Amino acid sequence: MEAEERILALCPEAVLLRAPWMYDLPGDGLPLRGNLPLNLLQAAQDSTSVRFSPHDHRGVSWVREVVEHLFPALQLPGGIYNFGSGNDADMVTTARQFAEALGVQVQIEPADFSRNLVMDSSKLAAQGIRFHDTLSSFEGCLGRIKPLSRADARQLP
(Lines give C-alpha, C1' and ligand atoms only; values in the text may rest on other atoms or scores of the structure.)
Protein backbone atom coordinates (compact mmCIF):
# COMPACT_ATOMS: atom_id res chain seq x y z
CA MET A 1 0.00 0.00 0.00
CA GLU A 2 2.86 2.34 0.77
CA ALA A 3 4.35 1.76 -2.69
CA GLU A 4 0.96 2.43 -4.30
CA GLU A 5 0.57 5.65 -2.32
CA ARG A 6 4.06 6.81 -3.27
CA ILE A 7 3.48 6.10 -6.95
CA LEU A 8 0.18 7.98 -6.96
CA ALA A 9 1.79 10.90 -5.10
CA LEU A 10 4.44 11.15 -7.83
CA CYS A 11 2.15 10.32 -10.75
CA PRO A 12 -1.58 10.74 -9.99
CA GLU A 13 -2.55 9.47 -13.45
CA ALA A 14 -0.84 6.11 -12.82
CA VAL A 15 -3.09 3.05 -12.98
CA LEU A 16 -2.24 0.36 -10.45
CA LEU A 17 -3.85 -3.06 -10.92
CA ARG A 18 -3.97 -5.47 -7.98
CA ALA A 19 -3.90 -8.96 -9.44
CA PRO A 20 -5.37 -12.09 -7.81
CA TRP A 21 -4.19 -15.70 -7.85
CA MET A 22 -4.54 -16.72 -11.51
CA TYR A 23 -4.78 -19.98 -13.42
CA ASP A 24 -4.79 -21.40 -16.90
CA LEU A 25 -4.95 -24.91 -18.30
CA PRO A 26 -2.74 -26.60 -20.91
CA GLY A 27 -3.85 -26.18 -24.48
CA ASP A 28 -1.81 -23.57 -26.28
CA GLY A 29 1.69 -24.86 -25.67
CA LEU A 30 2.37 -22.09 -23.17
CA PRO A 31 4.39 -22.90 -20.06
CA LEU A 32 2.30 -23.47 -16.97
CA ARG A 33 3.14 -23.28 -13.32
CA GLY A 34 1.22 -24.62 -10.37
CA ASN A 35 -2.21 -23.10 -9.94
CA LEU A 36 -5.50 -24.13 -8.37
CA PRO A 37 -6.94 -26.39 -11.09
CA LEU A 38 -3.56 -27.93 -11.94
CA ASN A 39 -2.82 -28.55 -8.25
CA LEU A 40 -6.20 -30.29 -7.92
CA LEU A 41 -5.64 -32.39 -11.05
CA GLN A 42 -2.18 -33.38 -9.82
CA ALA A 43 -3.50 -34.32 -6.38
CA ALA A 44 -6.28 -36.41 -7.94
CA GLN A 45 -3.80 -38.14 -10.25
CA ASP A 46 -1.33 -38.86 -7.42
CA SER A 47 -4.00 -39.65 -4.80
CA THR A 48 -2.54 -37.00 -2.53
CA SER A 49 -4.32 -34.34 -0.53
CA VAL A 50 -4.30 -30.56 -0.81
CA ARG A 51 -4.51 -28.11 2.10
CA PHE A 52 -6.78 -25.09 2.23
CA SER A 53 -8.14 -23.03 5.07
CA PRO A 54 -11.84 -22.35 5.58
CA HIS A 55 -10.66 -18.94 6.84
CA ASP A 56 -8.85 -18.06 3.58
CA HIS A 57 -10.95 -15.87 1.30
CA ARG A 58 -9.82 -14.78 -2.16
CA GLY A 59 -10.86 -14.55 -5.75
CA VAL A 60 -9.12 -16.76 -8.28
CA SER A 61 -9.06 -15.46 -11.85
CA TRP A 62 -8.63 -17.07 -15.26
CA VAL A 63 -5.53 -15.43 -16.71
CA ARG A 64 -7.19 -15.10 -20.13
CA GLU A 65 -10.03 -13.04 -18.66
CA VAL A 66 -7.44 -10.83 -16.97
CA VAL A 67 -5.59 -10.39 -20.28
CA GLU A 68 -8.83 -9.58 -22.13
CA HIS A 69 -9.40 -6.69 -19.73
CA LEU A 70 -5.91 -5.21 -20.03
CA PHE A 71 -6.58 -3.11 -23.12
CA PRO A 72 -9.69 -1.48 -21.64
CA ALA A 73 -7.65 -0.87 -18.47
CA LEU A 74 -5.36 1.40 -20.49
CA GLN A 75 -8.22 3.91 -20.51
CA LEU A 76 -8.79 3.92 -16.74
CA PRO A 77 -8.34 7.14 -14.81
CA GLY A 78 -5.44 7.13 -12.37
CA GLY A 79 -5.93 5.10 -9.22
CA ILE A 80 -5.74 1.69 -7.64
CA TYR A 81 -8.03 -1.04 -8.95
CA ASN A 82 -8.69 -4.62 -7.83
CA PHE A 83 -8.28 -6.42 -11.14
CA GLY A 84 -9.80 -9.87 -10.92
CA SER A 85 -12.67 -12.13 -9.99
CA GLY A 86 -14.65 -11.80 -6.80
CA ASN A 87 -15.53 -14.81 -4.70
CA ASP A 88 -18.09 -15.30 -1.94
CA ALA A 89 -16.69 -18.70 -0.92
CA ASP A 90 -13.75 -19.65 1.26
CA MET A 91 -10.88 -21.58 -0.33
CA VAL A 92 -12.00 -24.98 0.95
CA THR A 93 -15.36 -24.47 -0.77
CA THR A 94 -13.69 -22.99 -3.85
CA ALA A 95 -11.32 -25.96 -4.15
CA ARG A 96 -14.27 -28.36 -3.84
CA GLN A 97 -16.18 -26.43 -6.52
CA PHE A 98 -13.20 -26.51 -8.89
CA ALA A 99 -12.64 -30.24 -8.27
CA GLU A 100 -16.31 -30.93 -8.99
CA ALA A 101 -16.17 -28.88 -12.20
CA LEU A 102 -13.04 -30.84 -13.21
CA GLY A 103 -14.76 -34.13 -12.40
CA VAL A 104 -12.08 -35.26 -9.95
CA GLN A 105 -12.08 -36.45 -6.36
CA VAL A 106 -9.54 -34.70 -4.15
CA GLN A 107 -8.95 -35.02 -0.43
CA ILE A 108 -8.88 -31.52 1.08
CA GLU A 109 -7.18 -31.24 4.46
CA PRO A 110 -8.02 -28.18 6.54
CA ALA A 111 -5.25 -25.67 7.15
CA ASP A 112 -5.54 -23.29 10.07
CA PHE A 113 -4.77 -19.74 9.01
CA SER A 114 -6.82 -16.67 8.22
CA ARG A 115 -6.46 -14.43 5.21
CA ASN A 116 -8.83 -12.13 3.35
CA LEU A 117 -7.70 -11.24 -0.17
CA VAL A 118 -11.21 -10.83 -1.59
CA MET A 119 -11.29 -8.51 -4.58
CA ASP A 120 -13.94 -5.79 -4.47
CA SER A 121 -13.95 -4.71 -8.09
CA SER A 122 -16.86 -2.26 -7.84
CA LYS A 123 -14.53 0.67 -8.60
CA LEU A 124 -13.42 -1.16 -11.75
CA ALA A 125 -17.00 -2.08 -12.67
CA ALA A 126 -17.98 1.59 -12.39
CA GLN A 127 -15.50 2.15 -15.23
CA GLY A 128 -17.18 -0.57 -17.35
CA ILE A 129 -14.73 -3.42 -16.72
CA ARG A 130 -16.38 -6.43 -15.14
CA PHE A 131 -14.96 -9.79 -14.19
CA HIS A 132 -16.99 -12.95 -13.78
CA ASP A 133 -17.03 -14.37 -10.26
CA THR A 134 -14.44 -17.08 -9.54
CA LEU A 135 -16.64 -20.12 -10.18
CA SER A 136 -18.40 -18.70 -13.26
CA SER A 137 -15.06 -17.75 -14.76
CA PHE A 138 -13.70 -21.27 -14.18
CA GLU A 139 -16.77 -22.85 -15.76
CA GLY A 140 -16.28 -20.51 -18.74
CA CYS A 141 -12.62 -21.54 -18.91
CA LEU A 142 -13.54 -25.22 -19.01
CA GLY A 143 -16.06 -24.53 -21.77
CA ARG A 144 -13.47 -22.78 -23.95
CA ILE A 145 -10.45 -25.01 -23.43
CA LYS A 146 -10.08 -27.93 -25.82
CA PRO A 147 -9.63 -31.41 -24.33
CA LEU A 148 -6.07 -32.15 -23.21
CA SER A 149 -3.80 -33.80 -25.75
CA ARG A 150 -1.14 -36.22 -24.51
CA ALA A 151 1.51 -33.50 -25.02
CA ASP A 152 -0.56 -31.02 -22.99
CA ALA A 153 -1.11 -33.57 -20.23
CA ARG A 154 2.68 -33.98 -19.96
CA GLN A 155 2.86 -30.26 -19.06
CA LEU A 156 0.97 -30.86 -15.83
CA PRO A 157 3.24 -30.26 -12.83
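No experiment lies behind these values; they were computed from the predicted model shown.
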For atom CD of Gln75, is the number of surrounding heavy atoms from other residues, nucleotides or ligands below 6.0 Å larger than 12? no
Do side-chain atoms of Asn82 reach the backbone of Asp120 as a donor and acceptor pair under 3.5 angstrom? yes
Is a side-chain N or O of Ser53 found less than 3.5 angstrom from the main chain of Phe113, in a donor-acceptor match? yes
Separation between CZ (Phe52) and OG1 (Thr93), nearest 0.5 Å, reads 11.5 Å
To the nearest 0.5 Å, what is the distance between CG on Asp56 and CG on Asp90? 8.0 Å
Parallel under 30°, tilted from 30 to 60°, perpendicular over 60°: which one fits the rings of Phe131 and His69? perpendicular
Does the Ser85 side chain pair with the main chain of His132, one donor and one acceptor, at a distance under 3.5 Å? yes
Shortest non-hydrogen contact between Val60 and Thr134, atoms and distance: N-OG1, 3.0 Å
Spatial distance of atom CZ (Arg51) from atom CG (Asp112) [nearest 0.5 Å]: 9.0 Å
Is there a side-chain contact between Arg64 and Asp24 in this structure, where contact means two heavy atoms from C-beta onward sitting under 4.5 Å apart? yes
Out of curiosity, Leu17 CG to Leu70 CG, how far, rounded to the nearest 0.5 Å? 7.0 Å
Between Tyr23 and Phe98, how do the two ring planes meet: parallel, tilted or perpendicular, split at 30° and 60°? perpendicular
Quick one: pull up CD in Gln107 and CD in Gln105 and give me the separation to the nearest 0.5 Å. 10.0 Å
OG-CG distance between Ser61 and Leu36, expressed to the nearest 0.5 angstrom: 11.5 Å
Where the side chain of Glu65 meets the backbone of Ser137, is there a donor-acceptor pair that is under 3.5 Å apart? no
May I ask you to check whether over 12 heavy atoms, not counting those of Glu100, lie within 6.0 Å of atom CD? no
